[in-house]
Amino acid sequence: MLNINYMINNLSEQEQIRRNSLEELIRMGINPFPAEEFPVTIDSEELIKKWQPDAGMYTDISIAGRIMSRRIMGSASFAEMQDSKGKIQIYVKRDEICTGEDKSLYNIVFKKLLDIGDIIGVRGEVFKTQTGEISIKVKELKLLCKSLRPLPIVKETTDEKGNKIIHDAFTDPEQRYRQRYLDLVVNPTVKDVFIQRTRLVDTMRSFLNERGYLEVETPILQPLYGGASARPFKTVHNTLDMTLYLRIANELYLKRLIVGGFDGVYEFSKDFRNEGMSRFHNPEFTQMELYVAYKDYNWMMNLVEEMVEKIAVTLHGDTKILCGEHIIDFKKPWKRYTMYSAIHEFTGIDISNMTEQELTETARKLKVHVETTMGKGKIIDEIFGEYCESKLIQPTFITDYPIEMSPLAKKHRSKTGLVERFEAICNAKEICNSFTELNDPLDQRMRFEEQLELGKRGDEEAMTLDEDFLRALEYGMPPTSGLGIGIDRLTMLMTNSVSIQDVIFFPQMRTER
RNA sequence: GAUUCCGUAGCUCAGCUGGUAGAGCAUUUCCCUUUUAAGGAAGAGGUCCUGGGUUCGAAUCCCAGCGGGAUCACCA
(Lines give C-alpha, C1' and ligand atoms only; values in the text may rest on other atoms or scores of the structure.)
Protein backbone atom coordinates (compact mmCIF):
# COMPACT_ATOMS: atom_id res chain seq x y z
CA MET A 1 0.00 0.00 0.00
CA LEU A 2 1.10 3.52 -0.61
CA ASN A 3 2.43 5.37 2.33
CA ILE A 4 -0.44 7.81 2.41
CA ASN A 5 0.69 9.38 5.62
CA TYR A 6 4.00 10.61 4.30
CA MET A 7 4.36 14.32 4.92
CA ILE A 8 1.92 13.83 7.73
CA ASN A 9 3.55 16.67 9.63
CA ASN A 10 2.45 19.12 6.96
CA LEU A 11 -1.16 18.08 7.12
CA SER A 12 -3.83 19.79 9.09
CA GLU A 13 -5.72 17.76 11.64
CA GLN A 14 -8.68 17.48 9.29
CA GLU A 15 -6.53 16.24 6.42
CA GLN A 16 -4.92 13.64 8.68
CA ILE A 17 -8.30 12.40 9.83
CA ARG A 18 -9.48 12.02 6.24
CA ARG A 19 -6.37 10.07 5.32
CA ASN A 20 -6.93 7.84 8.32
CA SER A 21 -10.52 7.27 7.18
CA LEU A 22 -9.22 6.42 3.72
CA GLU A 23 -6.90 3.76 5.17
CA GLU A 24 -9.72 2.37 7.26
CA LEU A 25 -11.99 2.11 4.20
CA ILE A 26 -9.32 0.21 2.30
CA ARG A 27 -8.86 -2.09 5.29
CA MET A 28 -12.59 -2.81 5.19
CA GLY A 29 -12.33 -3.78 1.54
CA ILE A 30 -13.97 -0.61 0.20
CA ASN A 31 -12.27 0.99 -2.79
CA PRO A 32 -12.27 4.75 -2.15
CA PHE A 33 -11.63 5.46 -5.85
CA PRO A 34 -13.55 2.81 -7.80
CA ALA A 35 -13.13 2.57 -11.55
CA GLU A 36 -16.40 1.04 -12.64
CA GLU A 37 -19.30 3.03 -14.05
CA PHE A 38 -21.99 4.17 -11.65
CA PRO A 39 -25.25 4.21 -13.58
CA VAL A 40 -26.95 7.57 -12.94
CA THR A 41 -30.62 7.63 -13.97
CA ILE A 42 -31.62 11.18 -13.06
CA ASP A 43 -30.24 14.52 -11.87
CA SER A 44 -31.41 16.61 -8.93
CA GLU A 45 -33.06 19.30 -11.05
CA GLU A 46 -35.21 16.92 -13.07
CA LEU A 47 -36.10 14.95 -9.97
CA ILE A 48 -37.34 17.97 -8.02
CA LYS A 49 -39.11 19.46 -11.02
CA LYS A 50 -40.97 16.36 -12.12
CA TRP A 51 -41.66 14.30 -9.01
CA GLN A 52 -45.33 14.07 -8.00
CA PRO A 53 -46.48 12.63 -4.66
CA ASP A 54 -48.69 9.54 -4.58
CA ALA A 55 -48.02 8.78 -8.22
CA GLY A 56 -45.67 5.91 -7.70
CA MET A 57 -42.94 7.90 -9.46
CA TYR A 58 -39.23 7.48 -9.06
CA THR A 59 -39.46 4.47 -6.78
CA ASP A 60 -36.08 3.23 -7.97
CA ILE A 61 -33.69 5.94 -9.08
CA SER A 62 -29.96 6.30 -8.83
CA ILE A 63 -28.11 9.55 -8.56
CA ALA A 64 -24.57 10.65 -7.77
CA GLY A 65 -23.01 13.73 -6.25
CA ARG A 66 -20.95 15.34 -3.53
CA ILE A 67 -21.95 15.31 0.12
CA MET A 68 -22.42 18.97 1.15
CA SER A 69 -23.83 18.59 4.67
CA ARG A 70 -24.84 15.88 7.09
CA ARG A 71 -27.11 15.67 10.10
CA ILE A 72 -26.63 12.39 11.90
CA MET A 73 -29.15 11.30 14.49
CA GLY A 74 -28.64 7.78 15.74
CA SER A 75 -29.90 5.24 13.30
CA ALA A 76 -31.25 7.77 10.81
CA SER A 77 -29.51 10.68 9.10
CA PHE A 78 -30.05 13.37 6.56
CA ALA A 79 -27.47 14.63 4.15
CA GLU A 80 -27.42 17.04 1.27
CA MET A 81 -25.96 15.84 -1.99
CA GLN A 82 -24.93 18.17 -4.82
CA ASP A 83 -24.75 17.13 -8.46
CA SER A 84 -24.12 19.22 -11.56
CA LYS A 85 -27.63 20.67 -11.48
CA GLY A 86 -28.21 21.40 -7.80
CA LYS A 87 -28.80 19.88 -4.42
CA ILE A 88 -31.04 17.09 -3.19
CA GLN A 89 -31.56 15.81 0.32
CA ILE A 90 -31.01 12.15 1.04
CA TYR A 91 -32.43 10.21 3.99
CA VAL A 92 -30.16 7.43 5.14
CA LYS A 93 -31.67 4.96 7.59
CA ARG A 94 -29.51 2.22 9.09
CA ASP A 95 -31.83 -0.67 8.46
CA GLU A 96 -32.59 0.44 4.91
CA ILE A 97 -28.98 0.32 3.76
CA CYS A 98 -27.99 -2.54 6.05
CA THR A 99 -30.70 -5.15 5.64
CA GLY A 100 -28.70 -7.98 7.22
CA GLU A 101 -26.97 -8.40 10.58
CA ASP A 102 -23.92 -6.37 9.58
CA LYS A 103 -24.64 -2.72 10.25
CA SER A 104 -21.11 -1.50 9.57
CA LEU A 105 -21.97 0.25 6.28
CA TYR A 106 -24.10 2.67 8.25
CA ASN A 107 -22.45 2.71 11.66
CA ILE A 108 -18.88 2.85 10.49
CA VAL A 109 -18.72 3.82 6.83
CA PHE A 110 -21.51 6.38 6.57
CA LYS A 111 -21.33 7.83 10.08
CA LYS A 112 -17.58 7.81 10.67
CA LEU A 113 -15.59 7.38 7.49
CA LEU A 114 -17.49 9.56 5.05
CA ASP A 115 -17.07 13.33 5.11
CA ILE A 116 -18.46 16.46 3.58
CA GLY A 117 -16.95 16.64 0.11
CA ASP A 118 -16.95 12.90 -0.60
CA ILE A 119 -18.64 11.86 -3.81
CA ILE A 120 -21.20 9.10 -3.46
CA GLY A 121 -23.81 7.33 -5.54
CA VAL A 122 -27.12 6.30 -4.08
CA ARG A 123 -30.03 4.19 -5.24
CA GLY A 124 -33.43 4.60 -3.65
CA GLU A 125 -36.91 5.99 -3.69
CA VAL A 126 -38.09 9.58 -3.86
CA PHE A 127 -40.43 10.79 -1.09
CA LYS A 128 -41.38 13.92 0.79
CA THR A 129 -40.40 14.42 4.45
CA GLN A 130 -42.79 15.63 7.12
CA THR A 131 -41.40 19.10 6.67
CA GLY A 132 -42.19 18.90 2.97
CA GLU A 133 -38.77 18.50 1.41
CA ILE A 134 -38.40 16.18 -1.55
CA SER A 135 -35.78 13.64 -0.55
CA ILE A 136 -34.35 10.26 -1.49
CA LYS A 137 -34.80 7.32 0.84
CA VAL A 138 -31.52 5.53 0.31
CA LYS A 139 -31.51 1.78 -0.21
CA GLU A 140 -27.97 1.45 -1.54
CA LEU A 141 -25.03 3.71 -1.00
CA LYS A 142 -21.67 3.57 -2.69
CA LEU A 143 -18.56 5.65 -2.18
CA LEU A 144 -17.35 6.94 -5.56
CA CYS A 145 -14.51 9.23 -4.46
CA LYS A 146 -13.01 10.05 -1.10
CA SER A 147 -12.20 13.71 -0.55
CA LEU A 148 -8.96 14.36 1.32
CA ARG A 149 -9.33 18.08 1.98
CA PRO A 150 -12.07 19.89 3.88
CA LEU A 151 -14.34 21.99 1.68
CA PRO A 152 -15.18 25.58 2.59
CA ILE A 153 -18.51 25.44 4.37
CA VAL A 154 -21.13 27.81 3.03
CA LYS A 155 -24.57 27.79 4.61
CA GLU A 156 -27.68 29.00 2.90
CA THR A 157 -30.87 29.87 4.74
CA THR A 158 -34.15 31.43 3.77
CA ASP A 159 -35.77 34.29 5.68
CA GLU A 160 -39.51 34.83 6.20
CA LYS A 161 -39.79 36.67 2.88
CA GLY A 162 -38.23 33.78 1.01
CA ASN A 163 -34.94 35.58 0.35
CA LYS A 164 -31.83 33.45 0.40
CA ILE A 165 -29.27 34.38 3.02
CA ILE A 166 -25.73 33.11 2.56
CA HIS A 167 -23.62 32.54 5.68
CA ASP A 168 -19.82 32.35 5.69
CA ALA A 169 -19.66 32.66 1.91
CA PHE A 170 -16.40 31.68 0.23
CA THR A 171 -15.61 35.15 -1.08
CA ASP A 172 -11.86 35.77 -1.01
CA PRO A 173 -11.18 36.68 -4.67
CA GLU A 174 -7.68 35.27 -4.64
CA GLN A 175 -8.78 31.85 -3.45
CA ARG A 176 -11.83 31.87 -5.70
CA TYR A 177 -9.74 32.49 -8.83
CA ARG A 178 -6.77 30.31 -7.92
CA GLN A 179 -8.98 27.42 -6.89
CA ARG A 180 -11.87 27.91 -9.28
CA TYR A 181 -12.89 24.28 -8.78
CA LEU A 182 -13.72 25.14 -5.18
CA ASP A 183 -15.52 28.31 -6.19
CA LEU A 184 -17.66 26.24 -8.55
CA VAL A 185 -18.43 23.59 -5.94
CA VAL A 186 -19.34 26.04 -3.25
CA ASN A 187 -20.82 29.08 -5.03
CA PRO A 188 -23.55 27.81 -7.36
CA THR A 189 -24.15 31.12 -9.15
CA VAL A 190 -20.59 31.00 -10.49
CA LYS A 191 -21.50 28.01 -12.61
CA ASP A 192 -24.46 29.92 -14.06
CA VAL A 193 -22.18 32.70 -15.31
CA PHE A 194 -20.06 30.23 -17.26
CA ILE A 195 -23.08 28.39 -18.60
CA GLN A 196 -24.35 31.77 -19.86
CA ARG A 197 -20.98 32.45 -21.44
CA THR A 198 -21.19 29.24 -23.43
CA ARG A 199 -24.79 29.96 -24.43
CA LEU A 200 -23.70 33.39 -25.63
CA VAL A 201 -21.01 31.85 -27.83
CA ASP A 202 -23.41 29.17 -29.07
CA THR A 203 -26.00 31.81 -29.96
CA MET A 204 -23.46 33.87 -31.85
CA ARG A 205 -22.12 30.84 -33.68
CA SER A 206 -25.53 29.64 -34.83
CA PHE A 207 -26.49 33.21 -35.81
CA LEU A 208 -23.44 33.37 -38.07
CA ASN A 209 -23.81 29.82 -39.38
CA GLU A 210 -27.43 30.48 -40.32
CA ARG A 211 -26.17 33.27 -42.55
CA GLY A 212 -23.73 30.94 -44.24
CA TYR A 213 -20.48 32.28 -42.80
CA LEU A 214 -17.69 29.79 -42.31
CA GLU A 215 -16.01 29.28 -38.97
CA VAL A 216 -12.26 28.98 -39.51
CA GLU A 217 -9.01 28.74 -37.57
CA THR A 218 -5.91 30.83 -38.16
CA PRO A 219 -2.47 30.74 -36.51
CA ILE A 220 -1.96 31.73 -32.90
CA LEU A 221 1.82 31.60 -33.33
CA GLN A 222 2.73 34.22 -35.87
CA PRO A 223 6.06 35.42 -37.24
CA LEU A 224 4.65 38.96 -37.35
CA TYR A 225 1.87 40.19 -35.12
CA GLY A 226 -0.72 42.57 -36.45
CA GLY A 227 -4.31 43.66 -36.69
CA ALA A 228 -4.32 45.77 -33.56
CA SER A 229 -2.21 48.21 -31.57
CA ALA A 230 -0.74 46.27 -28.69
CA ARG A 231 2.44 44.82 -27.28
CA PRO A 232 2.74 41.09 -27.96
CA PHE A 233 4.02 38.04 -26.12
CA LYS A 234 7.14 36.68 -27.70
CA THR A 235 8.30 33.09 -27.89
CA VAL A 236 10.73 30.99 -29.88
CA HIS A 237 10.42 27.89 -32.01
CA ASN A 238 13.38 25.64 -31.31
CA THR A 239 13.57 23.65 -34.56
CA LEU A 240 13.03 26.61 -36.84
CA ASP A 241 15.15 28.79 -34.56
CA MET A 242 12.63 31.49 -35.14
CA THR A 243 10.98 34.19 -33.09
CA LEU A 244 7.22 33.87 -32.96
CA TYR A 245 4.58 36.08 -31.44
CA LEU A 246 1.28 35.10 -29.87
CA ARG A 247 -1.40 36.77 -31.93
CA ILE A 248 -2.87 40.07 -30.75
CA ALA A 249 -5.70 39.85 -33.32
CA ASN A 250 -6.63 37.63 -36.24
CA GLU A 251 -7.65 40.36 -38.66
CA LEU A 252 -4.84 40.03 -41.20
CA TYR A 253 -5.20 36.28 -41.61
CA LEU A 254 -8.97 36.42 -41.95
CA LYS A 255 -8.66 39.07 -44.65
CA ARG A 256 -6.24 36.81 -46.52
CA LEU A 257 -9.07 34.27 -46.58
CA ILE A 258 -11.40 36.86 -48.11
CA VAL A 259 -8.75 37.43 -50.76
CA GLY A 260 -8.80 33.66 -51.27
CA GLY A 261 -12.45 33.75 -52.16
CA PHE A 262 -14.51 33.09 -49.06
CA ASP A 263 -17.53 35.39 -48.81
CA GLY A 264 -17.80 35.33 -45.04
CA VAL A 265 -15.43 33.92 -42.43
CA TYR A 266 -15.35 34.20 -38.69
CA GLU A 267 -13.22 32.94 -35.84
CA PHE A 268 -13.56 32.75 -32.09
CA SER A 269 -10.02 33.40 -31.05
CA LYS A 270 -7.93 33.63 -27.96
CA ASP A 271 -5.77 36.73 -28.39
CA PHE A 272 -2.83 37.74 -26.23
CA ARG A 273 -1.69 41.21 -25.27
CA ASN A 274 1.29 41.86 -23.09
CA GLU A 275 -0.11 44.80 -21.20
CA GLY A 276 -1.45 45.85 -17.84
CA MET A 277 -4.13 43.89 -16.07
CA SER A 278 -7.31 45.25 -14.56
CA ARG A 279 -10.87 44.23 -14.01
CA PHE A 280 -11.37 44.82 -17.74
CA HIS A 281 -8.14 43.25 -18.99
CA ASN A 282 -6.75 39.74 -18.87
CA PRO A 283 -3.53 38.99 -20.79
CA GLU A 284 -5.37 36.36 -22.81
CA PHE A 285 -8.89 37.13 -23.90
CA THR A 286 -11.43 35.99 -26.44
CA GLN A 287 -12.63 37.82 -29.52
CA MET A 288 -14.95 36.92 -32.31
CA GLU A 289 -13.86 38.42 -35.59
CA LEU A 290 -16.05 38.36 -38.68
CA TYR A 291 -15.28 39.44 -42.27
CA VAL A 292 -17.94 39.59 -44.96
CA ALA A 293 -17.22 40.42 -48.59
CA TYR A 294 -19.16 43.05 -50.55
CA LYS A 295 -20.53 44.67 -47.38
CA ASP A 296 -19.73 47.93 -45.63
CA TYR A 297 -19.81 49.21 -42.06
CA ASN A 298 -23.45 50.36 -42.29
CA TRP A 299 -24.46 46.83 -43.08
CA MET A 300 -22.36 45.53 -40.21
CA MET A 301 -24.06 47.87 -37.71
CA ASN A 302 -27.37 46.25 -38.54
CA LEU A 303 -25.89 42.80 -38.08
CA VAL A 304 -24.42 43.70 -34.68
CA GLU A 305 -27.73 45.08 -33.45
CA GLU A 306 -29.58 42.03 -34.54
CA MET A 307 -27.02 39.58 -33.16
CA VAL A 308 -26.62 41.19 -29.76
CA GLU A 309 -30.37 41.63 -29.37
CA LYS A 310 -30.76 37.94 -30.11
CA ILE A 311 -28.13 37.05 -27.52
CA ALA A 312 -29.92 39.09 -24.85
CA VAL A 313 -33.22 37.41 -25.64
CA THR A 314 -31.68 33.93 -25.69
CA LEU A 315 -29.96 34.46 -22.35
CA HIS A 316 -32.62 36.46 -20.53
CA GLY A 317 -35.83 36.05 -22.47
CA ASP A 318 -35.92 39.81 -22.89
CA THR A 319 -34.07 42.61 -24.67
CA LYS A 320 -33.75 44.40 -21.31
CA ILE A 321 -31.12 43.24 -18.84
CA LEU A 322 -29.91 44.43 -15.47
CA CYS A 323 -26.37 45.76 -15.39
CA GLY A 324 -25.18 47.32 -12.14
CA GLU A 325 -27.78 49.99 -11.37
CA HIS A 326 -28.85 50.29 -14.98
CA ILE A 327 -31.44 48.52 -17.06
CA ILE A 328 -29.92 48.16 -20.50
CA ASP A 329 -32.17 47.60 -23.48
CA PHE A 330 -30.57 45.91 -26.48
CA LYS A 331 -33.66 46.23 -28.63
CA LYS A 332 -32.72 47.51 -32.08
CA PRO A 333 -32.28 50.05 -33.49
CA TRP A 334 -29.56 51.48 -31.26
CA LYS A 335 -28.74 55.16 -31.10
CA ARG A 336 -26.09 56.29 -33.61
CA TYR A 337 -23.71 59.22 -33.32
CA THR A 338 -20.74 60.18 -35.38
CA MET A 339 -17.76 60.79 -33.14
CA TYR A 340 -17.93 64.52 -33.85
CA SER A 341 -21.65 64.73 -33.16
CA ALA A 342 -21.22 62.81 -29.91
CA ILE A 343 -18.57 65.27 -28.78
CA HIS A 344 -20.83 68.13 -29.83
CA GLU A 345 -23.72 66.58 -27.91
CA PHE A 346 -21.80 66.11 -24.67
CA THR A 347 -19.50 69.16 -24.67
CA GLY A 348 -21.42 71.64 -26.82
CA ILE A 349 -18.30 72.11 -28.96
CA ASP A 350 -18.11 71.48 -32.70
CA ILE A 351 -14.62 70.18 -33.47
CA SER A 352 -15.30 69.02 -37.00
CA ASN A 353 -13.31 71.76 -38.72
CA MET A 354 -10.61 72.39 -36.13
CA THR A 355 -6.90 72.39 -36.81
CA GLU A 356 -4.54 70.46 -34.54
CA GLN A 357 -3.66 73.74 -32.79
CA GLU A 358 -7.33 74.55 -32.10
CA LEU A 359 -7.96 71.01 -30.92
CA THR A 360 -5.10 71.20 -28.43
CA GLU A 361 -6.48 74.45 -27.02
CA THR A 362 -9.98 72.96 -26.82
CA ALA A 363 -8.66 69.91 -24.99
CA ARG A 364 -6.81 72.14 -22.52
CA LYS A 365 -10.00 74.13 -21.94
CA LEU A 366 -11.88 70.90 -21.28
CA LYS A 367 -9.13 69.82 -18.88
CA VAL A 368 -8.36 66.78 -21.00
CA HIS A 369 -4.82 65.49 -20.70
CA VAL A 370 -2.84 66.20 -23.87
CA GLU A 371 0.78 65.69 -24.77
CA THR A 372 2.72 67.31 -27.55
CA THR A 373 3.39 63.91 -29.11
CA MET A 374 -0.32 63.34 -29.62
CA GLY A 375 -1.67 63.71 -33.12
CA LYS A 376 -5.07 65.10 -34.03
CA GLY A 377 -6.77 61.72 -33.83
CA LYS A 378 -5.39 60.92 -30.42
CA ILE A 379 -6.58 64.25 -29.00
CA ILE A 380 -10.07 63.70 -30.38
CA ASP A 381 -10.09 60.22 -28.89
CA GLU A 382 -9.05 61.62 -25.51
CA ILE A 383 -11.87 64.17 -25.54
CA PHE A 384 -14.33 61.47 -26.56
CA GLY A 385 -13.12 59.11 -23.85
CA GLU A 386 -13.37 61.78 -21.19
CA TYR A 387 -16.70 63.37 -22.07
CA CYS A 388 -18.75 60.86 -24.05
CA GLU A 389 -17.86 57.25 -23.42
CA SER A 390 -18.68 57.30 -19.71
CA LYS A 391 -22.15 58.73 -20.45
CA LEU A 392 -23.12 56.07 -22.93
CA ILE A 393 -25.02 53.46 -20.94
CA GLN A 394 -27.55 52.25 -23.49
CA PRO A 395 -26.04 50.54 -26.55
CA THR A 396 -24.85 53.24 -28.94
CA PHE A 397 -22.91 53.22 -32.19
CA ILE A 398 -20.15 55.77 -32.59
CA THR A 399 -19.10 56.16 -36.21
CA ASP A 400 -16.47 57.84 -38.38
CA TYR A 401 -13.19 57.87 -36.49
CA PRO A 402 -10.08 59.93 -37.22
CA ILE A 403 -7.86 58.22 -39.75
CA GLU A 404 -4.69 58.35 -37.62
CA MET A 405 -6.01 55.75 -35.20
CA SER A 406 -7.33 53.28 -37.73
CA PRO A 407 -4.58 52.09 -40.07
CA LEU A 408 -6.61 49.13 -41.36
CA ALA A 409 -9.87 50.97 -42.10
CA LYS A 410 -10.93 52.45 -45.41
CA LYS A 411 -11.04 56.22 -45.84
CA HIS A 412 -14.52 57.63 -45.47
CA ARG A 413 -16.42 57.79 -48.76
CA SER A 414 -17.24 61.51 -48.24
CA LYS A 415 -15.57 62.92 -45.10
CA THR A 416 -11.90 63.76 -45.35
CA GLY A 417 -9.64 62.82 -42.45
CA LEU A 418 -12.03 60.15 -41.26
CA VAL A 419 -12.44 56.43 -41.78
CA GLU A 420 -15.52 54.25 -42.07
CA ARG A 421 -15.33 52.76 -38.63
CA PHE A 422 -17.73 52.23 -35.75
CA GLU A 423 -17.62 51.03 -32.20
CA ALA A 424 -20.61 49.98 -30.12
CA ILE A 425 -20.45 51.42 -26.62
CA CYS A 426 -22.54 49.99 -23.84
CA ASN A 427 -22.40 50.59 -20.10
CA ALA A 428 -19.57 53.05 -20.81
CA LYS A 429 -17.41 50.36 -22.41
CA GLU A 430 -16.61 49.41 -25.96
CA ILE A 431 -18.12 46.06 -26.90
CA CYS A 432 -17.15 45.89 -30.55
CA ASN A 433 -15.07 47.54 -33.22
CA SER A 434 -15.71 47.42 -36.92
CA PHE A 435 -14.83 49.03 -40.20
CA THR A 436 -15.18 49.00 -43.90
CA GLU A 437 -11.89 47.26 -44.52
CA LEU A 438 -9.10 48.99 -46.34
CA ASN A 439 -8.54 47.01 -49.54
CA ASP A 440 -6.46 49.54 -51.46
CA PRO A 441 -2.97 48.00 -51.21
CA LEU A 442 -1.20 51.28 -51.98
CA ASP A 443 -3.06 53.16 -49.27
CA GLN A 444 -2.49 50.24 -46.90
CA ARG A 445 1.25 50.35 -47.53
CA MET A 446 1.31 54.07 -46.72
CA ARG A 447 -0.63 53.51 -43.53
CA PHE A 448 1.79 50.80 -42.45
CA GLU A 449 4.67 53.12 -43.17
CA GLU A 450 3.10 55.76 -40.94
CA GLN A 451 2.91 53.11 -38.24
CA LEU A 452 6.59 52.31 -38.71
CA GLU A 453 7.33 55.99 -38.18
CA LEU A 454 5.36 55.93 -34.95
CA GLY A 455 7.30 52.83 -33.93
CA LYS A 456 10.59 54.58 -34.55
CA ARG A 457 9.41 57.44 -32.36
CA GLY A 458 8.96 54.95 -29.52
CA ASP A 459 5.34 53.87 -29.79
CA GLU A 460 5.58 50.26 -28.59
CA GLU A 461 2.11 49.51 -29.82
CA ALA A 462 2.62 50.65 -33.39
CA MET A 463 1.85 48.08 -36.04
CA THR A 464 4.50 46.27 -38.01
CA LEU A 465 4.54 46.15 -41.80
CA ASP A 466 3.29 42.80 -43.04
CA GLU A 467 4.68 42.31 -46.55
CA ASP A 468 2.75 39.10 -47.20
CA PHE A 469 -0.51 40.75 -46.21
CA LEU A 470 0.19 43.58 -48.64
CA ARG A 471 1.01 41.05 -51.35
CA ALA A 472 -2.37 39.42 -50.74
CA LEU A 473 -4.14 42.79 -51.01
CA GLU A 474 -2.31 43.48 -54.26
CA TYR A 475 -3.96 40.41 -55.77
CA GLY A 476 -7.24 42.06 -54.80
CA MET A 477 -9.58 41.80 -51.83
CA PRO A 478 -13.23 42.51 -52.51
CA PRO A 479 -14.80 45.39 -50.58
CA THR A 480 -15.27 43.89 -47.15
CA SER A 481 -16.75 44.74 -43.79
CA GLY A 482 -15.00 43.44 -40.66
CA LEU A 483 -16.01 43.15 -37.04
CA GLY A 484 -14.39 42.29 -33.72
CA ILE A 485 -16.45 41.61 -30.62
CA GLY A 486 -14.89 41.10 -27.20
CA ILE A 487 -16.50 37.97 -25.87
CA ASP A 488 -15.33 38.49 -22.29
CA ARG A 489 -16.66 42.04 -22.19
CA LEU A 490 -19.96 41.06 -23.74
CA THR A 491 -20.27 38.21 -21.24
CA MET A 492 -19.61 40.66 -18.40
CA LEU A 493 -22.49 42.77 -19.66
CA MET A 494 -24.84 39.85 -20.18
CA THR A 495 -24.12 38.30 -16.78
CA ASN A 496 -23.89 41.52 -14.77
CA SER A 497 -20.30 40.72 -13.75
CA VAL A 498 -18.08 43.53 -12.50
CA SER A 499 -14.74 41.91 -13.26
CA ILE A 500 -13.34 40.07 -16.26
CA GLN A 501 -12.01 37.55 -13.77
CA ASP A 502 -15.58 36.53 -13.06
CA VAL A 503 -16.17 35.44 -16.66
CA ILE A 504 -12.84 33.64 -17.23
CA PHE A 505 -12.48 30.29 -15.48
CA PHE A 506 -8.79 30.68 -14.71
CA PRO A 507 -7.78 34.35 -14.87
CA GLN A 508 -4.07 35.12 -14.94
CA MET A 509 -2.53 35.38 -11.47
CA ARG A 510 0.94 35.73 -10.06
CA THR A 511 2.61 32.46 -9.10
CA GLU A 512 1.26 31.28 -5.79
CA ARG A 513 3.55 31.87 -2.80
C1' G B 1 3.70 51.18 -13.26
C1' A B 2 1.35 54.91 -9.22
C1' U B 3 -1.89 55.51 -4.99
C1' U B 4 -4.63 53.10 -1.24
C1' C B 5 -6.71 49.15 1.69
C1' C B 6 -6.25 44.11 3.25
C1' G B 7 -3.49 39.25 4.91
C1' U B 8 -5.41 35.95 12.33
C1' A B 9 -7.93 28.12 12.91
C1' G B 10 -10.29 24.13 7.14
C1' C B 11 -14.20 28.49 5.99
C1' U B 12 -16.30 33.38 7.57
C1' C B 13 -14.58 36.95 10.76
C1' A B 14 -13.58 39.58 16.02
C1' G B 15 -9.21 41.05 18.60
C1' C B 16 -9.64 48.72 21.70
C1' U B 17 -4.28 53.48 23.34
C1' G B 18 1.11 47.29 22.90
C1' G B 19 0.18 42.99 28.28
C1' U B 20 -1.04 34.67 28.00
C1' A B 21 -4.96 34.07 20.83
C1' G B 22 -11.11 34.55 20.34
C1' A B 23 -16.30 33.30 18.15
C1' G B 24 -19.68 30.66 14.74
C1' C B 25 -19.59 26.75 11.32
C1' A B 26 -16.37 22.54 9.91
C1' U B 27 -13.49 18.68 12.64
C1' U B 28 -12.97 14.82 17.16
C1' U B 29 -15.57 11.90 21.21
C1' C B 30 -20.24 10.67 23.45
C1' C B 31 -25.94 10.85 23.26
C1' C B 32 -29.86 10.79 19.61
C1' U B 33 -37.01 9.67 17.30
C1' U B 34 -38.24 11.81 9.43
C1' U B 35 -34.23 16.52 10.78
C1' U B 36 -34.62 22.24 8.89
C1' A B 37 -30.71 28.07 10.36
C1' A B 38 -26.29 24.33 12.00
C1' G B 39 -30.24 18.30 17.14
C1' G B 40 -27.70 18.01 22.49
C1' A B 41 -22.99 17.82 25.57
C1' A B 42 -17.74 17.96 25.93
C1' G B 43 -12.86 18.51 23.50
C1' A B 44 -8.97 19.48 20.08
C1' G B 45 -7.18 22.78 16.52
C1' G B 46 -2.67 28.86 15.38
C1' U B 47 4.53 30.18 11.44
C1' C B 48 -1.44 35.97 13.70
C1' C B 49 1.75 36.34 5.28
C1' U B 50 7.54 36.67 5.51
C1' G B 51 11.99 39.21 7.35
C1' G B 52 13.94 43.08 10.15
C1' G B 53 13.31 47.18 13.86
C1' U B 54 11.25 49.82 18.38
C1' U B 55 9.97 47.84 23.37
C1' C B 56 10.65 44.64 29.60
C1' G B 57 6.82 42.77 26.21
C1' A B 58 4.33 43.10 19.17
C1' A B 59 -1.31 39.94 15.85
C1' U B 60 -1.30 45.26 17.38
C1' C B 61 3.59 50.44 16.33
C1' C B 62 7.71 51.38 12.31
C1' C B 63 10.55 49.69 7.77
C1' A B 64 11.21 46.29 3.72
C1' G B 65 9.38 42.21 0.94
C1' C B 66 5.50 38.64 -0.88
C1' G B 67 0.33 37.90 -2.25
C1' G B 68 -4.52 39.96 -3.15
C1' G B 69 -8.50 43.83 -3.75
C1' A B 70 -9.96 48.83 -5.25
C1' U B 71 -8.86 53.39 -7.95
C1' C B 72 -5.78 55.62 -11.71
C1' A B 73 -2.47 55.10 -16.13
C1' C B 74 -2.03 51.84 -20.81
C1' C B 75 -5.30 48.88 -23.51
C1' A B 76 -10.03 45.44 -25.66
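Order of the sequence lines fixes the chain letters, A, B, ..., with proteins taken first and strands second; residue numbering starts at 1 for each chain.
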> Checking A:S434 side chain against A:G482 main chain: does a donor-acceptor pair fall under 3.5 Å?
Replying inline: yes
Looking across every strand, which nucleic acid part, if any, lies under 4.0 Å from [X] by heavy atom: base, sugar-phosphate, or nothing?
X	answer
A:K137	base
A:I431	nothing
A:N282	base
A:K378	sugar-phosphate
A:Y91	base
A:A230	nothing
A:E96	nothing

> Given atom CG of A:L151 and atom C1' of B:C11, what is their separation to the nearest angstrom?
Replying inline: 10 Å
> Could you give the CD-to-P distance, from A:Q508 to B:G67, as a whole number of Å?
Replying inline: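 After rounding, the gap between these two atoms is 13 Å.
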> Expressed as a whole number of Å, how far does the C1' atom of B:A9 sit from that of B:G15?
Replying inline: 14 Å
> Taking the P atom of each, how far is B:G45 from B:G10, in whole Å?
Replying inline: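 After rounding to an integer number of Å, I get 12 Å for this pair.
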Below the 4.0 Å mark, does [N] have OP1 or OP2 next to a side-chain nitrogen or oxygen of [X]?
X	N	result
A:R178	B:G68	yes
A:R510	B:G67	yes
A:R279	B:U71	yes
A:Q175	B:C11	yes
A:K112	B:C30	yes
A:Q14	B:A9	no

> Quick one: on RNA chain B, does A:Q130 or A:L114 contact a more 5' nucleotide (nearest heavy atom)?
Replying inline: A:L114
>> Using heavy-atom distances to pick each residue's nearest nucleotide on RNA chain B, tell me which of A:P150 and A:F280 is more 5'.
In response: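 Looking at RNA chain B, the more 5' nearest nucleotide goes with A:P150.
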>> So that I know where these two stand, are A:Y266 and A:Y291 an aromatic pair - ring centroids less than 6.0 Å apart?
In response: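 No; A:Y291 has its ring centre 6.0 Å or more from that of A:Y266.
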> Distance only, no hydrogens: is a donor on one side chain within 3.5 Å (strictly under) of an acceptor on the other, for A:N282 and A:Q508?
Replying inline: no
>> Is the ring pair A:F505/A:F194 parallel, tilted or perpendicular, if the boundaries are 30 and 60 degrees?
In response: parallel
> Does the ring of A:F285 lie flat against the base of B:A76, closer than 5.5 Å centre to centre with planes under 30°?
Replying inline: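 The ring of A:F285 is stacked on B:A76.
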